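In listed order, ligands and their atoms are each counted from 1. Small disclaimer: the values here were computed from a predicted structure and weren't measured.
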Amino acid sequence: MNSEFSTMSRTVRDQILSRLAGIRDPERGRDVVASGRISGLTVDEAGIARIMVETTPDRAAATEPLRREIEQAAAGVAGVTRAAAVLTAERTPGRGPGQAPRGGAGHGHSHGHSHAPAGSAAAGSPTGPAAGQRPSAPVVPGVTAIIAVASGKGGVGKSTLAVNLALALQARGLKTGILDADVYGPSIPRMLGLQGRPDSPDGKRITPKIGWGLKAMSIGLMVEEDTPLIWRGPMVQGALDQFLRETDWAPLDVLVLDMPPGTGDVQLSIAQRVPLAGAVIVSTPQDIALLDARKGLAMFRKVEVPILGLVENMSWFTCPHCGGRSDIFGHGGARDEALKLGLPFLGAVPLDLDVRIMSDEGRPVVAVAPESEAAAPYHAIAAGVVESLGRVRREPPRIIIED
Ligand SMILES: Nc1ncnc2c1ncn2[C@@H]1O[C@H](COP(=O)(O)OP(=O)(O)OP(=O)(O)O)[C@@H](O)[C@H]1O
């Protein structure tokens, strides 16, 4: 991802969004951005804007005038060489996942606009595939891509990976943030050494905390550590929606979302509601063997969030005294699994005492010792994530309604 380009295209996208915010959605009674009508927006290097306009198959003809109005408004924004708005809809009920493969026969195009690969940058949901069982996800203005870091079960090192991955993305020149969605065990504040409630100068918007250069937000900063888990559950989605929309994230190239561990209703609901560009699944070799990570894969597939790749954490252990390496959990399971499933294998992170001590002290290894051997796997994983993001963006993200 070219940072200069992504900043430029983000500005153009924001201008398009504010122009579109002046168009009233006659069906929904609000402007087309607020009403959730815009389900995707990308601007590529050539200045071509592609806009996805949400409708339902039976309302397609009635939505056509609005589509044209949106297209014309976007075409008038400085920096846009051409604008193409397409009507998109969620898959028709009854067609289960897998029956209309992404990029396959289910994707037509409408109104003579070719559904060329999406551009190399997008705003919020546009990088995500949406469609399938996902409700139309709100755009998060000024945030190019939201990626989830998830695991099939707890304690596999998901938060440690999320923090170090975010820092490694930042080291690549990307403006990066991290949102701790792990409401049951919010560890991001501790790992980044953050304390105290975030500021809210106007009492409405939240100013994210900054930890090692990352914009960070966590429920751990808002509630006392001993808050009973039982009431955290129901407030998860509301809190997350609020953190996504009411935090001053912009401008960001990437927002890393540290998911709660597991694959239950809470996780599914987040995967459905947050406009994710993709997900990174973390597992230990043992966890892969126990199929927990596969459940995570299945969950994201169900809601058609692309899997950016698998990471194997605690892959092997290098003895700090003798330098000997031991594969305590039977290293290599995630790589084999990724191969079998046709997914990218993003890398393996060894069990490293320094990683544990430093992250528990709020001094993540990629920030404190970026050139170290311990930080190297995280940089390689970040490179893989950027590559995967480019790949998933080139795939058609939604079902496009045919004439
Ligand atoms: N590669 C590693 N080497 C050594 N320690 C690690 C490594 N990855 C994670 N840890 C340690 O393992 C513990 C659990 O990690 P972490 O909190 O990141 O896991 P998690 O999957 O997010 O857990 P939870 O599901 O409880 O939120 C932490 O003490 C962390 O420092």
Side-chain angles (χ1 to χ4, degrees), residues 147-168 178-194 211-212 214 216 218-221 223 225 227 229 232-233 236 240 256-264 266-267 270 279-288 290 292-293 295-296 299 310-320 325-335 346-369 372-382:
I147 60 174
V149 175
S151 63
K153 65 167 192 188
V156 301
K158 172 183 51 57
S159 302
T160 308
L161 179 85
V163 163
N164 285 294
L165 170 62
L167 289 163
I178 186 160
L179 173 54
D180 188 356
D182 188 352
V183 283
Y184 300 114
S187 40
I188 299 301
R190 176 175 46 84
M191 289 186 180
L192 288 176
L194 298 173
W212 300 97
L214 300 174
S218 167
I219 200 157
L221 296 167
V223 297
E225 247 184 48
T227 303
L229 293 183
R232 282 188 187 167
V236 171
L240 262 186
V256 175
L257 189 73
D258 183 18
M259 294 278 286
T263 51
V266 167
Q267 292 79 358
I270 294 172
V280 173
I281 311 277
V282 195
S283 69
T284 61
Q286 202 181 24
D287 160 43
I288 274 283
L290 292 172
D292 284 319
K295 282 191 227 148
M299 181 184 81
L310 296 190
V311 171
E312 189 174 88
N313 191 33
M314 309 189 192
S315 274
W316 70 88
F317 176 68
T318 307
C319 170
R325 172 177 160 152
S326 56
D327 292 353
I328 13 184
F329 297 130
H331 158 62
R335 182 188 292 275
L346 296 169
V349 183
L351 190 64
D352 186 314
L353 190 60
D354 286 343
V355 167
R356 192 192 66 68
I357 293 172
M358 288 164 98
S359 62
D360 291 352
E361 283 175 351
R363 301 177 339 108
V365 70
V366 172
V368 176
S372 66
E373 207 178 307
Y378 296 112
H379 290 298
I381 291 165

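From the protein, the heavy atom lying nearest to atom 4 (C) of ligand 1 is Asp352 O, 3.1 Å. Remark: minimum distance from atom 5 (N) of ligand 1 to any protein heavy atom is reached at Arg356 CB, 3.4 Å. Among all protein heavy atoms, the one lying closest to atom 26 (O) of ligand 1 is Gly155 N, 3.8 Å. Looking only at protein heavy atoms, the nearest one to atom 20 (P) of ligand 1 is Lys158 N, 3.4 Å. The protein atom (non-hydrogen) at minimum distance from atom 18 (O) of ligand 1 is Thr160 OG1, 2.5 Å.
Those atoms of ligand 1 that come under 4.0 Å of a heavy atom in Ser159, given as number and element, are 18 (O), 20 (P), 22 (O). Within ligand 1, counting atoms from 1 as listed, the ones closer than 4.0 Å to a heavy atom of Met314 are 8 (N), 9 (C), 10 (N), 12 (O). Of all atoms in ligand 1, listed by their number and element, those nearer than 4.0 Å to a heavy atom of Val349 are 1 (N). Atom numbering of ligand 1 starts at 1 in the shown order; those under 4.0 Å from a heavy atom of Val156 are 21 (O). Close approach to Leu351 involves these atoms of ligand 1, each under 4.0 Å from a residue heavy atom: 3 (N), 4 (C). Heavy-atom proximity to Gly154, at under 4.0 Å, picks out these atoms of ligand 1: 25 (O).
Where the criterion is an N or O separation shorter than 3.5 Å, residue side chain and backbone included, Asp182 meets it with respect to ligand 1. Residue-to-ligand polar distances keep Lys153 apart from ligand 1: every N/O pair is separated by 3.5 Å or more.
For Asp360, every heavy-atom contact with ligand 1 shorter than 4.0 Å involves the side chain, none the backbone. Contacts with ligand 1 closer than 4.0 Å are made by backbone heavy atoms (N, CA, C, O) of Pro350 only, the side chain lying farther away. When non-hydrogen atoms are compared, ligand 1 lies under 4.0 Å from neither the backbone nor the side chain of Leu353. Residue-level proximity to ligand 1 for Asp258 is absent, since no heavy atom of it falls below 4.0 angstrom.
The two residues Leu346 and Ile381 make their nearest non-hydrogen contact at O-CG1, 3.4 Å. Ala375 and Ala369 get closest at one heavy-atom pair: CB-O, 3.4 Å. Of all non-hydrogen atoms in Leu165 and Ala382, the two that sit nearest each other are CD1-CA, 3.6 Å.
A heavy-atom distance below 4.5 Å is not found between the side chains of Leu214 and Val256. Side-chain contact between Ser159 and Asp182: present, with at least one pair of heavy atoms (C-beta onward) separated by less than 4.5 Å.
No donor-acceptor distance shorter than 3.5 angstrom exists from the side chain of Asp352 to the backbone of Ala374, with no hydrogens or angles considered. Not one N or O on the side chain of Trp212 forms a donor-acceptor pair closer than 3.5 Å with the backbone of Val368. Asn313 places a side-chain N or O within donor-acceptor distance of the main-chain N or O of Val156, the cut-off being under 3.5 Å.
Ligand 1 is approached by Met191 to a heavy-atom distance shorter than 4.0 Å. The closest approach between Ser359 and ligand 1 falls below 4.0 Å for a heavy atom of the residue. At a 4.0 Å cut-off, not a single heavy atom of Ala162 sits close enough to ligand 1 to count as contact.
Between the NZ atom of Lys153 and the OG atom of Ser283 there is a distance of 9.5 Å, given to the nearest 0.5 Å. Atom CG of Asp180 sits about 8.0 Å away from atom CG of Leu221, to the nearest 0.5 Å. Atoms CG and CG, from Leu192 and Leu167 in turn, are 6.5 Å apart once rounded to the nearest 0.5 Å. Note that CE of Met259 and CD1 of Ile147 are 12.5 Å apart. Values are rounded to the nearest 0.5 Å.
Taking only non-hydrogen atoms, the option from Val163, Ile357, Asn313, Ile188 nearest to atom 7 (C) of ligand 1 is Asn313.
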Intermediate values then yes/no, side-chain contact (heavy atoms from CB on, under 4.5 Å), Val366 and His379: CA-CA 8 Å; Val366 172; His379 290 298; 3.8 Å; yes

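Note that atom 13 (C) of ligand 1 has no protein non-hydrogen atoms nearby, at separations under 4.0 angstrom.
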